[in-house]
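Here is the structure we will look at.
Not measured: the values here are computed from a predicted model. For ligands, and for the atoms within them, numbers begin at 1 and follow the listed sequence. Just so you know, these numbers use all the heavy atoms, side chains as well, and skip hydrogens, waters and symmetry mates.
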Amino acid sequence: MTFSAKRWREDFPILRPSAKGRWVYLDSAATTQKPEAVLRAVDDYYRRYNANVHRGVYRIAAEATERYEEARQRVARFIGGDPRGLIFTRNTSEAINLVAYAWGLDNLKEGDAILVTAAEHHSNLVPWQLVAKRTGARLRVIPLDEEGHLDLSQLPELLEGVKMVALGHASNVLGTVNPVEEVIRAAHEKGALVLLDAAQSVPRMPVDVKALDCDFLAFSGHKMLAPMGIGVLWGKPEILEKMAPFLGGGEMIGRVEWEGSTWREIPWKFEAGTPNVGGAIGLLAAVDYLEKVGMAAIARREEELGQLMARRLRELPGVVVYGPRGQRTGIVAFNVEGVHPHDVSQILDEEGVAIRAGHHCCQPLHRLLQAGSSCRASVYLYNDEEDVDRLVAAVQKVREVFRVPG
Ligand code: 7TS
């Protein structure tokens with residue numbers, strides 16, 4: 001059965017063609033557009049049953065609480081996890097900070113190591129640096145091979161003394177999917193925990209925390225059709241239960257005395273203050289939508305379009321494409337020789353093609369690639385071959401404007 005991006009695209013008001021024609025959105029790795037179903041679910045909450053959760057005993061407060069907790073159950077099912085381990089956060093960054101602080105400050109000490117990869121997003125690097133500084137732990141880095149795959153040849157040595165492996169599942173620059181099962185198995189054999197930064201995997205492939213056996217998983221709603229400001233940390237309940245809270249405040253307490261307080265059970269222990277109820281309801285609608293499309297179908301489609309984009313861009317003289325030649329996701333970073341990515345992106349914008357330019361929050365990786373920054377095109381379920389044609393034609397235009405040799 002062929003994948004009908006056109007069919008899905010119709011659900012996204014922002015993507016409807018204007019008088020100027022079709023606008024091509026290729027920046028879904030930064031944030032995805034939102035379908036009617038999500039917009040309607042959020043709108044319905046604010047119009048019809050907006051109320052704070054877990055507090056009021058009146059009718060709409062009960063409805064808001066019910067929907068919020070239903071979102072927790074539904075999103076947990078989407079990733080194959082126990083809902084008691086599902087904590088709503090603002091985004092992936094906050095989810096990772098939660099673990100770095102609430103787990104790291106109590107479990108890391110001088111001489112311990114935290115293992116990351118050379119392709120980490122700053123969100124899965126800087127929190128660990130901050131906590132390493134406070135605890136005396138050290139960061140260690142899994143290197144990459146020429147194509148951007150993890151070089152796991154030294155993994156047993158790299159794991160010596162490691163307490164936490166904080167690992168990106170799918171790269172937001174290279175388009176690689178890391179062999180996380182292998183790393184998780186090896187880490188567990190050495191007694192280390194594993195946090196997966198799944199910001200780019202949960203939106204574009206089936207992810208099952210039980211099958212993976214990861215200890216923590218972090219992702220953002222806004223990269224998977226949901227509104228901004230809602231994210232998820234999933235953790236194994238038995239680990240979360242032993243952790244101290246991250247933030248203190250209302251909602252997360254059991255009993256409060258002047259001298260100290262007790263905490264609610266998980267997951268509420270980690271949700272201080274009024275949560276983003278509308279966001280969670282939007283994420284529930286997003287997950288329903290994604291399952292209707294089918295995560296396996298989305299993954300296949302991503303791979304097809306990613307391969308096509310990488311191949312077509314590589315055919316253009318003076319264009320360098322980063323990442324693997326083989327299997328990849330629909331995230332493709334590239335550079336046009338001698339042209340700054342901001343100039344590329346500006347010309348593309350004039351051609352009605354939106355891509356991202358910059359270091360994509362991966363400065364150490366860009367230094368490895370020997371590029372200060374790059375252009376990045378990323379697809380989602382609403383993109384198709386015509387969008388790839390438009391991208392390639394617009395990059396051709398850049399080559400002409402800047403007289404790129406070839
Ligand atoms: N980890 C990865 C792999 C990411 O791609 C991102 C966001 C994050 C963590 C942080 O997510 P946030 O929702 O907390 O911001 N990446 C990007 C990007 O590539 N362009 O814009 C945001």
Side-chain angles (χ1 to χ4, degrees), residues 25-34 75 79 87-101 116-130 141-142 144 148 150 165-178 180 183 194-205 207 214 216-234 246 276 279-280 282-283 286 302 306 322-323 328-334 341-342 345 354-366 369 371 373-380:
Y25 183 70
L26 291 172
D27 196 19
S28 291
T31 200
T32 63
Q33 298 303 344
K34 321 300 174 200
V75 177
I79 55 163
I87 299 156
F88 285 121
T89 63
R90 278 189 302 143
N91 47 38
T92 303
S93 304
E94 189 179 81
I96 296 172
N97 275 275
L98 192 163
V99 180
Y101 283 92
V116 298
T117 80
E120 291 317 318
H121 187 282
H122 297 165
S123 289
N124 196 29
L125 180 58
V126 179
W128 299 109
Q129 290 174 339
L130 289 166
V141 183
I142 303 178
L144 306 180
L150 296 186
V165 181
L167 172 74
H169 192 179
S171 166
N172 66 318
V173 175
L174 298 165
T176 43
V177 181
N178 289 325
V180 293
V183 178
V194 180
L195 174 141
L196 283 188
D197 172 355
Q200 298 294 355
S201 60
V202 167
R204 43 179 52 79
M205 61 193 71
V207 171
C214 57
F216 298 102
L217 183 93
F219 57 99
S220 296
H222 71 91
K223 293 182 196 290
M224 49 189 288
L225 310 180
M228 288 188 180
I230 188 76
V232 168
L233 172 71
W234 182 85
F246 172 44
N276 182 353
L283 182 56
E302 281 262 339
Y322 304 104
R328 62 172 311 130
T329 64
I331 300 173
V332 180
F334 63 96
H342 284 169
S345 142
I355 62 158
R356 171 137 191 219
H359 51 63
H360 322 304
C361 301
C362 289
Q363 286 184 8
L365 173 62
H366 275 84
L369 298 173
S373 56
S374 62
C375 309
R376 185 189 66 190
S378 51
V379 296
Y380 209 42

Who's closest to atom 22 (C) of ligand 1 heavy-atom-wise, of His359, Lys223, Arg376?
Lys223
Heavy-atom proximity to atom 11 (O) of ligand 1 ranks first, among Thr89, Ile230, Asp27, Thr92, for Thr92
Find the distance between CZ (Arg204) and OG (Ser378) and round it off to the nearest 0.5 Å.
6.5 Å
Looking at ligand 1, would Asn124 count as a contact under a 4.0 Å heavy-atom criterion?
no
In this structure, atom 4 (C) of ligand 1 is nearest to the protein heavy atom His121 CD2, 3.3 Å
Report the relative orientation of the aromatic rings in His359 and His366; use parallel for angles under 30°, tilted for 30 to 60°, perpendicular for over 60°.
perpendicular
Give me the residue, atom name and distance of the protein heavy atom closest to atom 14 (O) of ligand 1.
Ser93 OG, 2.6 Å
Using atom types as modelled and distance alone, determine if a side-chain donor or acceptor of Asn178 lies under 3.5 Å from a backbone N or O of Gly168.
yes
re atom 21 (O) of ligand 1, the protein heavy-atom contact at minimum distance is Arg356 NH1, 2.8 Å
What protein heavy atom sits nearest atom 5 (O) of ligand 1, and how far away is it?
Gln200 NE2, 2.8 Å
Name the closest protein heavy atom to atom 10 (C) of ligand 1, giving the residue it belongs to and the distance to 0.1 Å.
Ser123 OG, 3.4 Å
Could you identify the single nearest non-hydrogen protein atom to atom 3 (C) of ligand 1 and state the distance to 0.1 Å?
Asp197 OD2, 3.5 Å
Among all protein heavy atoms, pick out the one at the shortest distance from atom 13 (O) of ligand 1; state its residue, atom name and that distance to 0.1 Å.
Ser220 OG, 2.6 Å
